[in-house]
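Values below: all heavy atoms of this structure, side chains included; hydrogens, waters and symmetry mates excluded. A note on names: the letters A, B, ... follow the listed sequences, proteins ahead of strands, and every chain is numbered from 1.
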Number of protein chains: 2
Amino acid sequence: MEKGLRADARRNRDLIVAAARELFLEQGVDVPLEEVARRAGVGVGTLYRRFPDRDALLRAVGEESLRRLADLAETACRDEPDAWHALCRFLRGSVALRLGVLPAKLEPHLHQRMRVGPDLHEMRQRVIAAVLRMIERAQADGALRTDIGPGDVALLMTLNVYTPPGMHSEQAMGRVVEIVLDGLRADAGSPLPGTPLDEDDLRHYTAVRLPPAE
Amino acid sequence: MEKGLRADARRNRDLIVAAARELFLEQGVDVPLEEVARRAGVGVGTLYRRFPDRDALLRAVGEESLRRLADLAETACRDEPDAWHALCRFLRGSVALRLGVLPAKLEPHLHQRMRVGPDLHEMRQRVIAAVLRMIERAQADGALRTDIGPGDVALLMTLNVYTPPGMHSEQAMGRVVEIVLDGLRADAGSPLPGTPLDEDDLRHYTAVRLPPAE
DNA sequence: TTTATGCGGAGGAAAATCTTCCGGTTAGGG
DNA sequence: CCCTAACCGGAAGATTTTCCTCCGCATAAA
């Protein structure tokens, strides 16, 4: 990505994005940019040079998250021969990404302010395609319950519970995810209320529409 | 609760707490208090008179949430003859309370700044007792999987997924909760990783310890 | 060695938020 | 019905937070 930067500049850019990602998760997207700079170990000047405003930074973090998710989906889909296991791996991984905390605040940016290239859209398509394939195969195998749609999976990707400090939260979340996976098995339970959520139900989800040029 | 207030004062107090609860959920606990006042339909002065600082308001909101939760737990436990159904009702209800968004920010207050009476502690006990009873009975009935502890249920109470605007989020959350409930059934699945979380694992959870008087 | 590119962070501008204060209003007892 | 203590609203000044530019120094790359 981002090319034509001197080596140190490139390194700092990545440090900043990583720090921002952490802080957005921990404290919300309103953290002072100075704090981001501090955590990244760079000066504010450096941050402002690379990211003219908060939105630019937000966008970078969003892109990175989505890319990670897309990679995860495709890797799981490709490397795991059994569709059900692929789905498990994907869901465990995406919950670990802690996507749930970001989009609530990212959303308005994605929709309104972001003038965004086709990259994001493409990554989104990659995720959808992979998830769809996993779902269909797993349902054909009789492993995944049939009243589940891609929209449901997308929802579950952002699964989140509050884990109090002091508790080993990764372990706790691990248990929760497994419970959910058990709830997704074909033999799991009574039919769900409503109808399976499909991609259209998530039209607005991390939606990347090119905003009308102003 | 709060007694000795003139009727209008009392009414305003409640309006403020309700507004604060909404806004804390929507925008985080850092919302300007002026905005809380506006939504409550009162002047800032009124808010400050009743709640000297943000912490006081936070505390009030926390108390109310916990009380609702306690009521829910006891009602479910009492009114529902079948333990499994009681648990379902409780979990559906507590997720609807959207507890998950609050405590992350409430926590430091509960721990460090809040000089809190025994009421909170007592309400917490009420929740624990009711949950414990539901769990034990449901497990004895062979309805609830046995590798689940009260701590797990407490975690699940705060269940949360990101629902994009435009989607009917209540319906979506409803599906998620049912999936989780299916995952909790005795016949659900493979054993969970780790050991059942008990109350001690949640010692810090909405923990109400009298802070050392300063 | 040279130089274009990048760095840090001090500090003034701007914005957001807090908190007080007081003239006017209202509930509710007598 | 009337009186008064209790309460209300919100303007305005104080304070804190956050932004973001600017420039002298450092360093990667050729």
For this session: Work out which heavy atom in B/Val17 is nearest to a heavy atom in B/Val61; give both atom names and the distance.
Result: O-CG2, 4.0 Å

Exercise. Looking only at atom types and distance, does a side-chain atom of B/Ser94 sit under 3.5 Å from a main-chain N or O of B/Phe90, one as donor and one as acceptor?
Worked result: yes

Seminar exercise, completed: Residue pair B/Leu33/A/Ala9 against DNA chain C: nearer the 5' end by closest nucleotide is A/Ala9

Seminar exercise, completed: For A/Arg98 and A/Leu25, the nearest pair of non-hydrogen atoms, with its separation, is O-CD2, 3.5 Å

For this session: Could you check how far CD of B/Gln27 sits from P of C/dA16, rounded to whole Å?
Result: 14 Å

Exercise. Is B/Arg39 paired with B/Glu35 through a side-chain N to carboxylate O contact shorter than 4.0 Å?
Worked result: no

Exercise. What distance do B/Trp84 atom CH2 and B/Arg89 atom CZ have between them, rounded to the nearest 0.5 Å?
Worked result: 15.5 Å

For this session: Quickly work out the B/Leu47 CG to C/dT17 C1' distance and round it to whole Å.
Result: 13 Å

Problem set entry | Between P of C/dG6 and CZ of A/Phe51, the distance in whole Å | 13 Å

Exercise. Should A/Arg54 be listed as having a side-chain N or O under 4.0 Å from OP1 or OP2 of D/dC19?
Worked result: yes

For this session: Round to the nearest Å and state the distance from A/Ile16 atom CD1 to C/dG9 atom P.
Result: 13 Å

Between the protein and nucleotides 9-15 of chain D, list the N/O to N/O atom pairs that are separated by less than 3.5 angstrom.
{"residue": "D/dG9", "atom": "OP2", "partner": "B/Gly43", "partner atom": "N", "Å": "3.0"}
{"residue": "D/dG9", "atom": "OP2", "partner": "B/Thr46", "partner atom": "OG1", "Å": "2.5"}
{"residue": "D/dG10", "atom": "N7", "partner": "B/Gly45", "partner atom": "N", "Å": "3.2"}
{"residue": "D/dG10", "atom": "O6", "partner": "B/Gly45", "partner atom": "N", "Å": "3.3"}

For this session: Report the distance from atom CG of B/Asp53 to atom P of D/dT16, rounded to the nearest whole Å.
Result: 15 Å

Exercise. Which whole-number value in Å describes the distance from A/Arg10 CZ to C/dC7 P?
Worked result: 13 Å

Exercise. Choosing from D/dC19, C/dC18, D/dC8, which nucleotide comes nearest the side chain of B/Arg50?
Worked result: D/dC8

Exercise. Does A/Arg10 come within less than 4.0 Å of A/Asp14, counting only side-chain N to carboxylate O?
Worked result: yes

Give every pair of a protein N or O atom and an N or O atom of nucleotides 24-30 of chain D that lie under 3.5 Å apart, one pair per line with the distance.
{"residue": "D/dT27", "atom": "O2", "partner": "A/Arg6", "partner atom": "NH1", "Å": "3.3"}
{"residue": "D/dA28", "atom": "O4'", "partner": "A/Arg6", "partner atom": "NE", "Å": "3.4"}
{"residue": "D/dA29", "atom": "OP1", "partner": "A/Ala7", "partner atom": "N", "Å": "3.3"}

Exercise. Is A/Asp147 salt-bridged to B/Arg175, cutoff N-O under 4.0 Å?
Worked result: no

Seminar exercise, completed: Rounded to whole Å, CZ of B/Arg13 lies from P of C/dA27 at a distance of 20 Å

Per-pair distances, 0.1 Å, donor-acceptor, side chain in residues 164-172 of chain B, under 3.5 Å, sequence neighbours excluded:
none

Exercise. Any ion pair linking B/Asp182 and A/Arg145 (charged N to carboxylate O, less than 4.0 Å)?
Worked result: yes

